[in-house]
Amino acid sequence: MVQRQGDVVISVEGLRTQFGSHVVHDHLDLEVYRGEVIGVVGASGTGKSVLLRTIVGLNSQKAGNIRVFGKDTALMSADERASMERRWGVQFQDGALFSSLSVLQNIETPMREQFPLSDMLMRELAEIKISMVGLGSDAAPKFPYELSGGMRKRAGLARALALDPEIVFLDEPTAGLDPIGAAAYDELIKRLQQTLGLTVFMVTHDLDSLHAICDRIAVLADKRVIVIGTMEDMLASTHPWVRAYFHGPRGRMVTHEI
Amino acid sequence: MDARVSDPAAFVMEPTDQGSRLLARGDWVIANLGLVDDDLRALEGLAGRELLIDFSGVSRLDTAGAFVLHRTLRDVENARASSGFENASPAFQILLDEVAANDHPCDEEPAERNSLLMMLDRIGETVEHSYQQAKSIMNLCGQVVVNLGQTVVSPRRLRVTSLFHHMEQAGLDAVPIISLLTFLIGAVVAYLGASILRTFGAEIFTVELVAFAVLRELGVLLTAIIVAGRSGSAFTAQIGSMKVNEEIDAMQTLGLDPVEVLVVPRILAFVIMVPILTFIGDVMGLFGGILIAWVQLDISPGMFLIRMNEFIPINNFWAGMIKAPFFAFIIALIGCHEGLKVEGSAESVGQRTTLSVVQSIFIVIFLNALFAMFYIEVDF
């Protein structure tokens, strides 16, 4: 994978978010480079998902700048924002599929809303996406409630990829999957990232995922990113939480395998 | 890198010795495909010949662009073996391989059936569903009765805190809205009486009209409908979201009976509070009538009350009040029943809440009609 340092697609500077008087992030800085897979970890309640939601504009920040493709998201006009949203895809934790639409229709929705494409072409493109995320051809006419958790995640990923985005945000992609399913999902993300040249921003708890597919890891604690770097940097870090996380019984198990 | 609108996708055809060459240029990305898709589909006429697709002019390609070009090549019937892609960069080749590997048509959505059959199907389903619904409401009703019986035997089983909580929420908090609405309806009935009866010179009968209508029907009916919309629905939503959250399952594993913990206090609270609300509704309805009679017809409040006392027997008041606990029981029962029927998603909570309001208002009005017939038969 190409990892040109300096080609920054997302940059977060001095971010501060809060809910009421509860400060979630304060002076948080983070840079994401083009073509990398970055994993964001942290204890429960440190605001990993909030960070993701803030970058994609579902939460507003109290202070600081967020630049995506070099543009400040807070200063964008509605049109700029819309064209920005076409360049990223978000996969929510449980897929967040539209429950009244079939899987195929879910994937067609962003295409239908954004571009003047014929019905036949949309269907063909959606079929490609269904196959790319590893869903069987029988999944297309099914409704979200008929799918298992893993299939809903895959369908959610297919919808996030519908417009061939440059950045994909994944919120806990492997949470709730069995270890084999999770490994297969990691594999899928890696493969898609390589073939489509994606930049992947993922929030996760899964040490296996971090090992298997992340180029860099950012650790959230004390309301900011305390350590960022490769797995080796994590293992070398002296911060108590990072040590506990990566050198704990589960962390050791994974690191010993490689 | 910025704009997705840049160069539109386009192509020209160029003849070769064996067939033709498609020279693609521009940005073959999803945003641009609407323009070229139809032209590409029109290339079917190339059957049996060679088709070369040249990428040298393509500046950007995504899976959608790769797919339409892949499809064009695929759909040339009996194409010569020499057909293929030319000058595709490694990055483009990865995408072309990816779409080729994933080009599987998906299953069709099941076709619509004969509309007559579908109509019969739906009618049958609805009948069956209503039957099952009635059965399961009766089932819950039975459980509630058994639970109430046990509560009478050992009053310690009653959840007193919960009972008072629901009496406050469903009863006390509903007083303002019920007062206002029954007041307005009482006033409107008096207006009706005033304008119609005056033409006969019989405006004094407005008193009877208002008193009869409010005491026998309107007071209790309005109260029941407001309470169904306000609190019956809340019961469904509360119990339904607990169901979604698996709280009901947790209760059962802890040896708690959801009917005893959740349903009985709500039903009891309703049965106690709805008659009180009905009484308040009656008073406010009469108050509205008195006010209009006074302003419009010069019937003083004193006279109104004396005439009411003389000509309206007290059983009219009881005829309304007797209905209140029955309505209360049925509304609370339906509200809780629908809540317990919620399954799976949050969407189901919404559907069940709607159903609960529709059902309970329907049953209340239906039951009210039965009561009216019954009262006529027994001359009450």
Side-chain angles (χ1 to χ4, degrees), chain A residues 2 7 9 34 69-71 80 82-84 86-87 94 97-100 102-105 107 110-111 114-118 120-146 158 161-166 191-192 194-197, chain B residues 1-6 8-9 27-41 60-72 74-75 89-111 343-351:
Chain A
V2 214
D7 197 0
V9 285
R34 181 175 300 282
F69 304 116
K71 281 192 185 154
E80 281 177 314
S83 73
M84 181 73 67
R86 273 176 234 152
R87 299 174 68 187
D94 197 33
L97 298 171
F98 304 125
S99 51
S100 55
S102 69
V103 169
L104 193 81
Q105 290 167 328
I107 300 168
M111 304 183 201
Q114 302 285 357
F115 301 121
L117 302 174
S118 68
M120 208 205 291
L121 181 59
M122 277 194 293
R123 187 184 163 95
E124 289 168 338
L125 294 178
E127 284 172 350
I128 293 279
K129 295 282 155 34
I130 287 175
S131 167
M132 274 168 65
V133 297
L135 285 172
S137 59
D138 56 335
K142 286 191 177 150
F143 284 88
Y145 65 87
E146 298 174 286
L161 293 175
L163 300 180
D164 272 84
E166 292 163 55
R191 188 174 62 77
L192 291 176
Q194 284 170 350
T195 48
L196 307 180
Chain B
M1 207 56 222
D2 189 329
R4 281 228 157 187
V5 266
S6 52
D27 289 346
W28 285 72
V29 293
I30 188 166
N32 296 335
L33 292 181
L35 301 168
V36 291
D37 188 42
D38 289 341
D39 295 341
L40 282 173
R41 284 183 203 275
R60 282 168 61 208
L61 184 74
D62 67 4
T63 54
F67 170 73
V68 290
L69 291 170
H70 160 77
R71 186 197 61 203
T72 308
R74 182 194 71 190
D75 288 350
S89 71
F92 291 175
Q93 195 57 50
I94 290 175
L95 285 176
L96 289 167
D97 294 343
E98 179 75 19
V99 293
N102 288 301
D103 183 14
H104 315 295
C106 285
D107 292 5
E108 292 286 330
E109 272 138 83
E343 34 195 47
S345 62
E347 199 191 356
S348 164
V349 177
Q351 280 172 355

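Convention: sequence-line order gives letters A, B, ...; per-chain numbering from 1. We use all heavy atoms of the structure for the numbers below, so side chains are in, but hydrogens, waters and symmetry mates are not.
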Tell me if a side-chain donor or acceptor on A/Asp164 pairs with a main-chain N or O of B/Asp62 at a distance below 3.5 Å. no
Counting only heavy atoms closer than 4.5 Å, note whether [X] contacts chain B via side chain, backbone, both or neither.
X: A/Ser118; value: side chain
X: A/Lys142; value: neither
X: A/Leu192; value: side chain

Closest heavy-atom contact between [X] and [Y]?
X: B/Ile30; Y: A/Ala162; result: CD1-O, 3.7 Å
X: B/Ala101; Y: A/Ser131; result: O-OG, 4.5 Å
X: A/Ile128; Y: B/Val99; result: CD1-O, 3.8 Å

Stepwise salt bridge (charged side-chain N to carboxylate O under 4.0 Å, His left out) check, A/Glu124 with B/Arg41: CA-CA 13 Å; A/Glu124 289 168 338; B/Arg41 284 183 203 275; 3.1 Å; yes
Proximal component of B/Leu95, with respect to chain A [non-hydrogen, under 4.5 Å]: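 For B/Leu95, the contact with chain A is made by the side chain alone.
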Distance from B/Asp38 atom CG to A/Met120 atom CE, nearest 0.5 Å? 8.5 Å
Counting heavy atoms not belonging to A/Glu80, are there more than 12 under 6.0 Å from its CD?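 More than 12 heavy atoms, drawn from other residues, nucleotides or ligands, come within 6.0 Å of this atom.
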Please step through side chain to side chain contact (heavy atoms under 4.5 Å, CB included) for the pair B/Ile94 and A/Gln194, ending with a clear verdict. CA-CA 9 Å; B/Ile94 290 175; A/Gln194 284 170 350; over 6 Å; no
State plainly whether the residues B/Arg71 and A/Glu127 are in salt-bridge range, i.e. N to O under 4.0 Å. no
Residue among A/Leu121, A/Leu125, A/Leu117 with most heavy-atom pairs under 4.5 Å to chain B: A/Leu121
